[in-house]
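Have a look at the structure below, then the notes.
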2 protein chains.
Amino acid sequence: MSYSIGDVVKKTGLSAYTLRYYEKEGLLPFVKKNASGVRAYSDEDLRWLTMIECLKDSGLQIKEIRQYIEWFNEGDSTLSQRLSLFENRRKILEKEMARLTVVMNKIRYKELLYREAIRVGNLEIATNEKRFMQLKKKLFESPDDFDK
Amino acid sequence: MSYSIGDVVKKTGLSAYTLRYYEKEGLLPFVKKNASGVRAYSDEDLRWLTMIECLKDSGLQIKEIRQYIEWFNEGDSTLSQRLSLFENRRKILEKEMARLTVVMNKIRYKELLYREAIRVGNLEIATNEKRFMQLKKKLFESPDDFDK
DNA sequence: ATAATACTTAGAGTTTACTCTAGGTGTTGA
DNA sequence: TCAACACCTAGAGTAAACTCTAAGTATTAT
């Protein structure tokens with residue numbers, strides 16, 4: 001099966017601009033064109049797009065994705081480079097998730113605090129309630145830095 | 001206590017460029033300047049920087065942070081807008097963490113796969129091993145989309 | 001006193017990942 | 001056949017968040 005750029009737009013949700021841009025940047029090095037220059041995407045190309053989306057979601061930049069594709073095309077001699085890439089990504093994602101957990105706690109504290117502030121009609125009163133003082137102390141190293 | 005921009009650079013790790021940029025963008029509306037125009041940051045300003053960092057980490061854009069600061073300065077009449085902001089952020093962070101969990105599984109699969117590929121010296125052999133086929137099926141809706 | 005250092009402003013430049021425009025070619029249905 | 005539509009390229013424009021430059025003033029250490 002082969003697909004026009006319009007088909008791929010519908011399948012992937014990417015814009016035609018973006019698909020051409022990816023190609024220009026060296027992702028999708030195998031998209032064929034017919035006699036009049038019109039792109040015909042293969043199922044293989046669609047699988048690459050799935051992989052590109054995953055790598056993008058993991059935080060890779062486009063030039064890093066291009067590097068990965070180049071390694072892939074060089075075959076088994078680049079297995080260790082590709083392993084390194086995935087190891088590094090895993091570590092970065094772990095850090096990112098830890099970071100988000102910390103931020104989430106802070107935002108949840110604020111959400112609870114503002115619910116209470118609305119209940120009593122005043123932010124300062126809520127902030128100074130014992131249970132919020134305690135929560136703040138539990139969540140933050142420098143609790144007062146977080147009163148803004 | 002008051003601090004020069006250089007002091008704040010050391011304390012926060014932000015560059016002087018960035019600090020001036022934040023001010024230009026309406027974050028830090030209270031930074032004082034001495035007779036010759038030199039910035040003197042207060043402890044209050046430093047607390048704002050802590051809050052700004054948190055909001056930035058939660059994914060807010062600078063103009064949204066400015067809006068929050070404006071609401072804060074308008075006092076208790078804007079409590080509900082601020083609560084909405086934190087609720088929305090919490091929801092977005094929840095989605096983001098769910099997204100990262102999915103990506104993490106895919107990257108971990110790749111990491112394991114490439115370890116095995118290096119062990120046997122060939123990616124295809126590893127990919128076709130029963131346990132990796134099973135893992136792939138467990139992790140992805142369209143397993144073969146993930147062989148790139 | 002003077003050199004080094006820190007600071008000021010306005011505005012230009014950078015990076016990333018698109019997103020769009022202009023001007024044109026090719027395909028298809030009534 | 002001819003209008004509508006999908007496609008093409010090269011290159012310009014956009015948004016966000018910085019990052020830096022130039023030209024000048026102020027402060028501080030010796």
Side-chain angles (χ1 to χ4, degrees), chain A residues 1-42 45-46 48-49 51-69 89 92 96 99 103, chain B residues 1-42 45-46 48-49 51-69 89 92 96 99 103:
Chain A
M1 267 297 278
S2 94
Y3 311 90
S4 72
I5 202 168
D7 296 335
V8 180
V9 165
K10 278 169 214 144
K11 271 178 186 287
T12 63
L14 297 169
S15 74
Y17 300 137
T18 302
L19 288 167
R20 293 195 201 98
Y21 168 68
Y22 281 179
E23 213 176 314
K24 200 163 25 175
E25 292 301 312
L27 321 183
L28 308 173
F30 302 128
V31 177
K32 297 224 167 57
K33 298 189 183 178
N34 71 16
S36 45
V38 175
R39 287 174 184 78
Y41 292 83
S42 65
D45 294 325
L46 292 182
W48 267 115
L49 281 171
M51 188 63 202
I52 287 166
E53 196 199 351
C54 173
L55 293 174
K56 225 156 52 79
D57 284 348
S58 84
L60 281 192
Q61 292 185 359
I62 277 168
K63 60 184 171 190
E64 297 170 298
I65 299 176
R66 179 179 49 221
Q67 174 67 272
Y68 173 74
I69 291 170
R89 254 326 98 180
I92 286 168
E96 178 66 5
R99 194 184 67 75
V103 174
Chain B
M1 267 298 276
S2 95
Y3 311 90
S4 73
I5 201 167
D7 295 337
V8 179
V9 165
K10 278 168 216 147
K11 271 177 187 287
T12 63
L14 298 168
S15 74
Y17 299 137
T18 302
L19 288 167
R20 293 196 200 97
Y21 167 70
Y22 281 1
E23 211 176 316
K24 198 161 28 173
E25 291 301 311
L27 320 183
L28 308 172
F30 302 128
V31 177
K32 297 224 167 57
K33 298 189 184 178
N34 71 16
S36 45
V38 175
R39 288 173 182 78
Y41 292 83
S42 65
D45 294 325
L46 292 183
W48 267 114
L49 281 170
M51 188 64 202
I52 287 166
E53 196 199 351
C54 172
L55 294 174
K56 225 155 52 81
D57 284 349
S58 84
L60 281 191
Q61 292 185 358
I62 277 168
K63 62 185 171 189
E64 297 170 298
I65 298 176
R66 179 179 49 221
Q67 174 67 270
Y68 173 74
I69 291 170
R89 254 326 97 180
I92 286 168
E96 179 65 3
R99 193 184 67 75
V103 174

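Hydrogens, waters and symmetry mates play no part in the numbers below; they use all other heavy atoms, side chains included. Reminder, nothing fancy here: chain letters follow the sequence lines and each chain counts from 1.
- B:Thr12 places a side-chain N or O within donor-acceptor distance of the main-chain N or O of B:Leu14, the cut-off being under 3.5 Å.
- In this structure, B:Lys63 NZ and B:Gln67 CD are separated by 11.0 Å, a value rounded to the nearest 0.5 Å.
- Between A:Tyr17 atom OH and D:dA6 atom P the separation is 13 Å, expressed in whole Å.
- Taking a heavy-atom distance under 4.0 Å as the criterion, the stretch of DNA chain C touched by chain A extends 5' to 3' from C:dT16 to C:dT27.
- Looking only at distances, no side-chain donor or acceptor of A:Glu25 sits under 3.5 Å from a matching main-chain atom of A:Tyr22.
- Heavy-atom minimum distance, B:Ile69 versus B:Trp48: CG1-CZ3, 3.5 Å.
- Pairing each heavy atom of B:Ser15 with each of B:Thr18, the nearest pair is OG-OG1, 2.8 Å.
- Considering only heavy atoms from C-beta on, A:Ile62 comes within 4.5 Å of A:Tyr21 through its side chain.
- In the model, B:Tyr3 has no side-chain atom that pairs as donor or acceptor with a side-chain atom of B:Lys10 under 3.5 Å.
- Note: B:Leu60 CG to B:Cys54 SG = 9.0 Å, rounded to the nearest 0.5 Å.
- In terms of modelled atom types and a separation under 3.5 Å, the side chain of B:Ser36 and the main chain of B:Val38 share no donor-acceptor contact.
- Minimum heavy-atom separation, A:Ala40 to A:Asp45: O-OD2, 4.2 Å.
- Atom-to-atom distance recorded for A:Leu27:CG and A:Lys56:NZ is 9.5 Å, nearest 0.5 angstrom.
- Contact annotation: the side chain of B:Tyr41 never approaches that of B:Asp7 to less than 4.5 Å [non-hydrogen atoms, C-beta and beyond].
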Below 3.5 Å between N/O atoms, which protein atoms pair up with nucleotides 26-30 of chain D? Just atom names and distances, please.
{"unit_1": "D:dA26", "atom_1": "O3'", "unit_2": "B:Ser36", "atom_2": "OG", "d": "3.3"}
{"unit_1": "D:dT27", "atom_1": "OP1", "unit_2": "B:Ser36", "atom_2": "OG", "d": "3.2"}

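- Residues of residues 8-16 of chain A that place a heavy atom closer than 4.0 Å to DNA chain D do not occur.
- Taking every heavy atom of both residues into account, B:Asp57 and A:Arg99 meet most closely at O-NH1, 3.1 Å.
- Here the closest heavy-atom approach between residue B:Leu28 and residue B:Leu19 is recorded as CD1-O, 4.2 Å.
- Using a 4.5 Å cut-off on side-chain heavy atoms (C-beta onward), A:Tyr68 and A:Met51 make contact.
- Helical stems involving DNA chain D, defined as 3 or more consecutive Watson-Crick or G-U pairs under 3.5 Å, span C:1-30 with D:1-30.
- For the salt bridge (charged side-chain N to carboxylate O under 4.0 Å, His left out) test with B:Glu23, the passing option among B:Arg39, B:Arg66, B:Lys32 is B:Arg39; the others fail.
- For B:Ala16 against B:Val9, the heavy-atom pair with the smallest separation is N-CG2, 3.5 Å.
- If you check residues 19-30 of chain B against DNA chain D, the residues with a heavy atom closer than 4.0 Å are B:Tyr21, B:Tyr22, listed by number.
- The stretch residues 51-64 of chain B touches DNA chain D through B:Lys56, B:Gln61, B:Ile62, B:Lys63, each having a heavy atom within less than 4.0 Å of the strand.
- What separates CD1 of B:Ile5 from C1' of D:dC20 is a distance of 14 Å, to the nearest Å.
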